[in-house]
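A quick write-up on the structure given underneath.
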Amino acid sequence: MGKKARRGLSGSLGFRVLSISMIFLGIPLIIYSAVLYVVDYRQYVRNLYQEVDLMTREEIDWVQENELYHQNSLNLIEEFVVTFHLTDSDKAHTDLNRILKKFSLDQNISAIVYNKVTPKGQIICEKSTLSLYEGVDFSRYFNLKELQSGKESVFITKDPVYNYSMYVVRYIHRDAKADAIVMSIVSLETMLSRMKQFQNTEGLVISVIDNKGAVIATTNKDFEGKKFSKKAGKNTITLDQISYVKDGQTFAFKNKKHFVDIKQIPKTPMYLMISIPETVIMHSFLSFLFKLGIFLVFVIVIGGILTYFFTRRMARPMNQLSEVMTSIGTGHLEKAYIHDKYGFEINQIGDSFNEMRGNLLTYIEQVKTEKGLKEAFEKELQIGHQIQKAILPSEEPHIDGVEIATYYSPAKEVAGDFYDYLELDDNTVLITIADGVGKGISSCLYSFDLRSILRTAALQRPPLDELVKSANKIFCADTKESCNFVTLVTGYLNKKERTYQFTDAGHLPIFIKRKGKGVDQYETKGIALGIDVLEEVETNTVTLEQGDFCVMYTDGITEAFNAKEELYTPNRLLQVMENFDGNSCQELVNKIMEDVNAFAEGTEQHDDISLIVFRVG
């Protein structure tokens with residue numbers, strides 16, 4: 001009994017829907033969690049960069065305040081310096097040095113330096129609050145002309161005592177004495193240490209780098225001697241751009257990721273760089289992941305239980321719908337879905353299925369009707385094909401002194417092409433080939449209308465130009481505004497004189513295969529019939545020697561194409577005729593069509609094909 005219950009549970013619709021629901025519930029939640037993780041992580045990073053950017057700006061402002069403060073300090077000590085500059089008293093020098101030392105200690109200044117400018121342009125330290133500077137030649141660190149150009153200047157440069165320092169420099173010019181230069185010097189290590197005292201972010205590193213990325217001062221000894229750049233190299237820490245943070249960059253150092261912000265220090269070519277390790281934001285993320293995990297467990301467990309009981313009840317209308325579908329599938333179209341009280345969306349599906357069932361019944365009736373109409377239409381096309389076939393000469397003609405062979409292949413059941421030959425008397429035969437615009441029934445009707453007109457008019461034996469003009473006039477009345485027209489070559493074959501007088505009404509030229517010679521091409525100027533009334537019709541007369549073949553054709557031959565969509569072209573037709581050495585018209589027809597079919601390589605015929613070859617015996 002238990003075994004049967006277990007089998008029923010695992011095979012029930014409720015269990016399957018529950019399983020699918022868990023999959024489709026769990027996957028979106030996992031995807032959502034991953035997306036949320038990425039989005040929140042990026043937001044954390046953006047917030048962090050806002051804080052770092054603010055820190056960097058604060059430190060830059062602090063540096064500028066220091067610059068301004070040192071400039072003001074130079075104003076305060078200028079009088080002391082001037083006194084020293086103008087006085088040679090040892091006591092004055094001692095008092096001044098004592099005052100400046102106390103001042104530098106109080107203001108965290110590394111040193112205050114007094115330099116004299118020698119006649120040779122050297123900058124020599126004479127006195128300093130730090131004795132290590134005394135006697136040092138500062139000329140190698142500064143450009144005298146640059147110092148003379150402004151009253152005060154700010155520099156970050158190599159220092160003879162410290163590694164690098166920030167200098168606030170004032171140039172003093174006195175007529176009575178040699179010019180002097182006063183410097184307020186702050187060691188960058190001292191400056192960066194003071195900056196870091198005001199920041200409580202764990203792992204924060206403040207560095208000063210030059211315009212090539214080389215570290216010149218830093219609060220992290222591991223960064224000393226390193227270079228920060230986007231290009232990899234020796235002793236280089238590679239910077240990577242963060243796509244989702246403007247001007248945001250990162251670098252990896254000792255298997256740890258760091259976020260970095262770099263801004264130029266005003267009035268100098270140096271940059272202030274603040275970096276913070278990724279672990280600063282990961283602590284917050286651990287808490288986020290824990291809360292997200294609890295949420296996922298809650299949703300899956302509670303949602304799973306509710307889904308299970310709900311899908312068990314859903315099984316009833318689903319089973320009913322399944323049975324109806326099975327019945328419809330076996331041909332019992334009278335079955336229909338009945339609403340269930342707890343069917344919910346299944347009822348909507350059942351309504352749609354019932355509607356589909358009704359549409360299917362309607363469609364079946366329509367198909368039956370359309371099938372009957374299609375069969376009737378196809379039967380009419382077959383009748384049209386039989387009529388057209390009956391109208392065209394069905395057998396090779398028995399005209400004394402004339403041999404004629406033909407080939408005819410419509411692209412559809414009926415065609416707009418036709419060929420015709422009509423023996424008018426013992427000496428004259430009217431031979432015609434024509435191509436109506438387009439394909440199918442319309443083209444066929446207009447083409448054979450023109451055939452009937454030509455035949456009727458030709459019985460009166462009018463001159464060829466009058467025959468074509470009168471036939472065209474009647475044909476234009478039939479075509480009217482239909483835009484249908486027919487191109488043709490028609491003419492009188494005179495058996496006795498061995499001449500063929502013809503006119504080319506917008507059709508292709510005729511070819512004459514001369515016995516033992518090449519192929520000649522003949523045509524006349526003219527437009528297709530059915531377009532407009534013809535005032536004049538140009539004719540031409542060719543003489544046929546015994547053994548000459550006259551070839552007339554439609555563009556279904558020259559425009560046949562193969563699988564590569566290459567056209568057969570008139571040149572290929574000429575080549576076949578030039579190479580022909582047979583003795584009958586039928587042989588030439590067969591030769592031409594064999595070459596056309598070989599060229600087409602089984603490609604579907606897209607246009608009607610007509611071919612007529614004749615010669616005078």
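Throughout, numbering of the chain's residues begins at 1 and tracks the sequence.
Every pair passing side-chain hydrogen bond (donor to acceptor under 3.5 Å, both in side chains) that includes a residue from residues 209-222 is listed here, sequence neighbours excluded: S207-T218, K221-E224, D222-K254.
A distance of 9.5 Å separates CD1 of I185 from CD1 of I112, quoted to the nearest 0.5 Å. Interatomic distance, CE of M273 versus CD1 of I265, reported as 11.5 Å (0.5 Å rounding). To the nearest 0.5 Å, the span separating CD1 on I209 from CD1 on I262 amounts to 4.0 Å. In this structure, Y164 OH and T157 OG1 are separated by 6.5 Å, a value rounded to the nearest 0.5 Å. Separating the CD1 atom in I206 from the CE atom in M191 is a distance of 11.5 Å, to the nearest 0.5 Å. Atom CE of M195 sits about 5.0 Å away from atom CD of E59, to the nearest 0.5 Å.
For T56 (side chain) and V52 (main-chain N/O), a donor-acceptor pair under 3.5 Å exists by modelled atom type. Here the side chain of Q605 pairs a donor or acceptor atom with the backbone of D607 at under 3.5 angstrom. Looking only at distances, no side-chain donor or acceptor of T326 sits under 3.5 Å from a matching main-chain atom of V324. In this structure a side-chain-to-backbone donor-acceptor pair under 3.5 Å is missing from T236 to T238. Distance alone, capped at 3.5 Å, is enough to place a donor-acceptor pair between the Y49 side chain and the V260 backbone. Distance alone, capped at 3.5 Å, places no donor-acceptor pair between the R194 side chain and the E189 backbone.
Considering only residues two or more places apart in sequence or on other chains, Y271 meets the ring-ring contact (aromatic ring centres under 6.0 Å, His included) condition with none of them. Among residues two or more places apart in sequence or in another chain, the ring-ring contact (aromatic ring centres under 6.0 Å, His included) test is passed with F599 by Y568. Residues meeting the side chain to side chain donor-acceptor pair (under 3.5 Å) test with N562, sequence neighbours left out: E566. Checked against ring-ring contact (aromatic ring centres under 6.0 Å, His included), F353 has no partners two or more places apart in sequence or in another chain. For I349, the side chain to side chain contact (heavy atoms under 4.5 Å, CB included) test picks out L321, I346, with sequence neighbours left out. Here K257 pairs with Y41, T250, F259, E278 under the side chain to side chain contact (heavy atoms under 4.5 Å, CB included) rule; sequence neighbours left out. Residues that satisfy the ring-ring contact (aromatic ring centres under 6.0 Å, His included) test with F142, not counting sequence neighbours, are F155, Y167. For D351, the side chain to side chain contact (heavy atoms under 4.5 Å, CB included) partners two or more places apart in sequence, or in a different chain, are H339. Applying the side chain to side chain contact (heavy atoms under 4.5 Å, CB included) criterion to Q241, with sequence neighbours excluded, gives K230, Q249. For D159, the salt bridge (charged side-chain N to carboxylate O under 4.0 Å, His left out) test picks out no residue, with sequence neighbours left out. Residues meeting the salt bridge (charged side-chain N to carboxylate O under 4.0 Å, His left out) test with K263, sequence neighbours left out: D53, D261.
E51 and N47 form no side-chain donor-acceptor contact under 3.5 Å, judged by distance and modelled atom types alone. No side-chain N or O of T603 forms a donor-acceptor pair with one of E601 less than 3.5 Å apart. N115 and K127 share no donor-acceptor pair across their side chains, judged by distance under 3.5 Å alone.
Among all heavy-atom pairs drawn from S187 and S165, the shortest one is CA-OG, 3.6 Å. Taking both residues in full, the closest heavy atoms of C125 and E134 are given as SG-CA, 3.6 Å, listed atom of the first, atom of the second, then distance. In terms of heavy-atom proximity, Y114 sits nearest to A180 at CE1-CB, 3.5 Å. The shortest heavy-atom contact between K227 and A214 is CG-N, 4.0 Å. Closest of all the heavy-atom pairs between L130 and Y162 is CD2-OH, 3.9 Å. Between S139 and G121, the closest heavy-atom pair is OG-O, 3.9 Å.
Contact of the S229 side chain with the L239 side chain is not registered, since no non-hydrogen atoms from C-beta on lie closer than 4.5 Å. Contact annotation: the side chain of I172 never approaches that of I181 to less than 4.5 Å [non-hydrogen atoms, C-beta and beyond]. Side-chain atoms of H258 and P277, non-hydrogen and from C-beta on, do get closer than 4.5 Å to each other. Annotation: side chain of I124 is not in contact with side chain of K116 (no heavy-atom distance under 4.5 Å). Counting only heavy atoms from C-beta outward, the side chains of V205 and I274 never approach each other to under 4.5 Å. In this structure, the side chains of N163 and I216 stay at 4.5 Å or more apart for every pair of heavy atoms. Side-chain atoms of F251 and D240, non-hydrogen and from C-beta on, never get closer than 4.5 Å to each other. Looking at heavy atoms from C-beta onward, V186 lies out of side-chain contact with V168 at the 4.5 angstrom threshold.
Partner M270 forms a side-chain contact (heavy atoms from CB on, under 4.5 Å) with one of I156, L188, V63 and no other, that one being I156.
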Checklist entry - Can you list the steps and then say if V113 with F138 is a side-chain contact (heavy atoms from CB on, under 4.5 Å)? => result CA-CA 11 Å; V113 176; F138 280 92; 4.1 Å; yes

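Summarising the local packing, NZ of K196 is surrounded by more than 12 heavy atoms from other residues, nucleotides or ligands at distances under 6.0 Å. Around the CG atom of L567, the shell of radius 6.0 Å holds more than 12 heavy atoms that belong to other residues, nucleotides or ligands. More than 12 heavy atoms of other residues, nucleotides or ligands shown are found within 6.0 angstrom of NZ on K158. Few gaps surround OH on Y244; more than 12 heavy atoms of other groups in view lie less than 6.0 Å from it.
Relative ring orientation between H606 and F561 is described as tilted, the plane-to-plane angle lying within the 30° to 60° band.
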